[in-house]
**Student:** 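This structure is in structure tokens; I'll ask about it shortly.
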Amino acid sequence: MAIDNWKSMQAPIATIAEIGKHEGQTVTVRGWLYNLRESGKLLFPIFRDGTGLIQGVIAKNAVPAEVFDAVKGLTQESSVIVEGKVRADKRAPGGYELDVNNVQVVQRVSESDPYPITPKEHGVDFLMERRHLWLRSPRQAAILRVRAEIIKAARDFFDERGFTLTDPPILTPAACEGTTTLFPVDYFEEQAYLTQSGQLYIEATAMALGKVYSFGPTFRAEKSKTRRHLTEFWMVEPEVAYAGLDDVMELAEGLICFLVKRCLERRLSDLQTIGRDLAKLQKIEAPFPRITYDEAVKMLQDAHAKGALESNFEWGGDLGSPDETYISSQFDKPVMVHRYPAKVKAFYMEPDPQRPDLALCVDVLAPEGYGEIIGGSQRMASYDLLVQRIHQHGLPEEAFKWYLDLRKYGSVPHGGFGMGIERAVAWICGLEHVRETIPFPRMLHRLYP
RNA sequence: UCCUCAGUAGCUCAAUGGCAGAGCAUCCGGCUGUUAACCGGAGGGUUGUAGGUUCGAGUCCUACCUGAGGAGCCA
């Protein structure tokens, strides 16, 4: 069947996800052949259409010979349009089967160059090299649907609370924080960089609009090589005028609860396809445990004394990955660690008035060892102190002139946080690695496809 | 950048220093309820690259390449 003759089926089109609504009716399903089992004069093709899988049944004596022959020996991932009657069947994984009465093969995959991803085991490198095809696997498609739901839920959460979406630039003239490595870009013979955070810019839009958020890609040229890192990832960052650290923590807690609840409500079958332990997600509700950095340090030192942690933690350093894993393992909800030493944190964080050596900041650590999914703080409101910090961090004051203006013209206490979408998706889906949470991950050793 | 591990058929893996193999995939044949279907048969290899040790290297040694896991850094 030619590709330009793909609209000849007469029965109404149905999606596999909603096939149950058509029980007893004849429908058209447009998709691909996922797998084929043969048993003599019976064929069991499994079709997928992007919404789910359904097994078809074709008996040789029940259909015209050309229909049977078109499916017999058909290759995996050939595109097909099938017409058949929906029948409830307890033996079928989805509850329904399709008694096929007509088939159009839109494009037959050549048997001399078969679809490379079989329903068997494959290694990570093989699958990553074929990421454009791997996305067709039921598990990968389910993850992408959960990702889309999390993004939509995050935007709904802020939109419903009076936040305005304000998009910061992706091309920036200088380092936002100065510490991490940036991707350089030639901008009409001027040096520019891909953004590593929209935060400084949304502080400006927050002063204009009150409550704002950004949602977009960010880039880090760090040579990180772990299951938690991508060089290109997406962040949602709220920023609120007249907000303190407690407000920031409450907002972060509310967002996470909202996201988890929404996924359980709307993407339950996808979470089941992925194999997520749902009981662990059902425990996620406010309030989350809040511990100070001082308390976290004591937990880590006690853990070392008991032999539960290899290295002994000294007050003053940033929490390492094994430290975060240990702390989060002590709770079955996300844990909020606040008030880190100012010297290990970014220059723009407001000092704690009670203890000026501490910053009014918070990291939210996801349970089950997923580590930091949110980092936030109250921002420094004083012009003079901010100038001092910029110099202390060795940053060029000239590049931050506009940012300092925000403290000259009606400075107010304000704060916000950034949530890494991929880390949130990895945690909610229970994945081993963030590379499966984005259609085409960009990593230290991965720029293709 | 550092530490650890891996690289053998299209894929996933096996092979004590002694004939390079299995399952799946592909092709041929069989099977009217298969569930990663099964049964029989066929084709399929420069063992990551370059050197070295040895009568003999997939296996041991050296260097390099590629990838994975972790550290640091971070979301």
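Nothing here was measured: the structure is a model prediction, and the numbers come from that model. Convention: sequence-line order gives letters A, B, ...; per-chain numbering from 1.
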**Student:** How would you list, by chain and number, every residue that makes a salt bridge (Lys or Arg N to Asp or Glu O under 4.0 Å) with E253(A), sequence neighbours excluded?
**Tutor:**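 In terms of salt bridge (Lys or Arg N to Asp or Glu O under 4.0 Å), with neighbours along the sequence ignored, E253(A) is linked to R290(A).
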**Student:** Could you run down the sub-3.5 Å N/O contacts of the protein with nucleotides 25-33 of chain B?
**Tutor:**
residue, atom, partner, partner atom, Å
C31(B), N3, G40(A), N, 3.1
C31(B), N4, G40(A), N, 3.4
U32(B), OP2, K41(A), N, 3.3
U32(B), O4, N61(A), ND2, 2.6
G33(B), O2', R91(A), NH1, 3.4
G33(B), N1, R91(A), NH2, 3.4
G33(B), N1, E97(A), OE1, 3.0
G33(B), N2, E97(A), OE1, 3.0
G33(B), N2, E97(A), OE2, 2.3

**Student:** Using a cut-off of under 3.5 Å, enumerate the N/O to N/O pairs linking the protein to nucleotides 13-15 of chain B.
**Tutor:**
none

**Student:** Is any side-chain N or O of R228(A) closer than 4.0 Å to OP1 or OP2 of A71(B)?
**Tutor:**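 Answer yes for this pair, as a side-chain N or O of R228(A) is under 4.0 Å from OP1 or OP2.
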**Student:** Quick one: salt bridge (Lys or Arg N to Asp or Glu O under 4.0 Å) partners of E324(A), sequence neighbours excluded?
**Tutor:**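 Partners of E324(A) by the salt bridge (Lys or Arg N to Asp or Glu O under 4.0 Å) criterion come out as none, since no residue qualifies.
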**Student:** Each nucleotide N or O in nucleotides 1-7 of chain B that has a protein N or O under 3.5 Å away: list the pair and distance.
**Tutor:**
residue, atom, partner, partner atom, Å
U1(B), O4, K223(A), O, 3.1

**Student:** Which pairs count as salt bridge (charged side-chain N to carboxylate O under 4.0 Å, His left out) when at least one residue sits in residues 117-128 of chain A, sequence neighbours excluded?
**Tutor:**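 Sorted result for residues 117-128 of chain A: D125(A)-R446(A).
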**Student:** Can you tell me which stems RNA chain B forms when a stem means 3 or more consecutive Watson-Crick or G-U pairs under 3.5 Å?
**Tutor:**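 Expected stems, ordered by start: B:1-7 with B:65-71, B:10-13 with B:21-24, B:26-30 with B:38-42, B:48-52 with B:60-64.
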**Student:** Who are the side chain to side chain donor-acceptor pair (under 3.5 Å) partners of S39(A), not counting sequence neighbours?
**Tutor:**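 With neighbours one apart ignored, the set is empty.
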**Student:** Can you list everything that forms a salt bridge (Lys or Arg N to Asp or Glu O under 4.0 Å) with R276(A)? Sequence neighbours excluded, please.
**Tutor:**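 With sequence neighbours excluded, R276(A) shows a salt bridge (Lys or Arg N to Asp or Glu O under 4.0 Å) to E368(A), given in chain and number order.
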**Student:** According to salt bridge (Lys or Arg N to Asp or Glu O under 4.0 Å), who are the partners of E250(A), at least two apart in sequence or on a separate chain?
**Tutor:**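 Salt bridge (Lys or Arg N to Asp or Glu O under 4.0 Å) check on E250(A) returns nothing, list empty.
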**Student:** Side chains of residues 141-159 of chain A: which donor-acceptor pairs under 3.5 Å do they make with residues two or more places apart or in other chains?
**Tutor:**
residue, atom, partner, partner atom, Å
R145(A), NE, D270(A), OD1, 3.2
R145(A), NE, D270(A), OD2, 3.2
R145(A), NH1, G50(A), O, 2.8
R145(A), NH2, D270(A), OD1, 3.2
R147(A), NH1, E422(A), OE2, 2.9
R147(A), NH1, T437(A), O, 3.0
R147(A), NH2, E422(A), OE2, 3.2
E149(A), OE2, R262(A), NH1, 3.2
K152(A), NZ, D156(A), OD2, 3.1
D156(A), OD2, R262(A), NH1, 3.3
D156(A), OD2, R262(A), NH2, 2.8
D159(A), OD1, Y213(A), OH, 2.7

**Student:** Taking only distance into account, with no hydrogens and no angle test, what donor-acceptor pairs under 3.5 Å do side-chain atoms of residues 52-65 of chain A form with protein atoms, sequence neighbours excluded?
**Tutor:**
residue, atom, partner, partner atom, Å
Q55(A), OE1, R37(A), NH2, 3.2
Q55(A), NE2, E97(A), OE2, 3.2

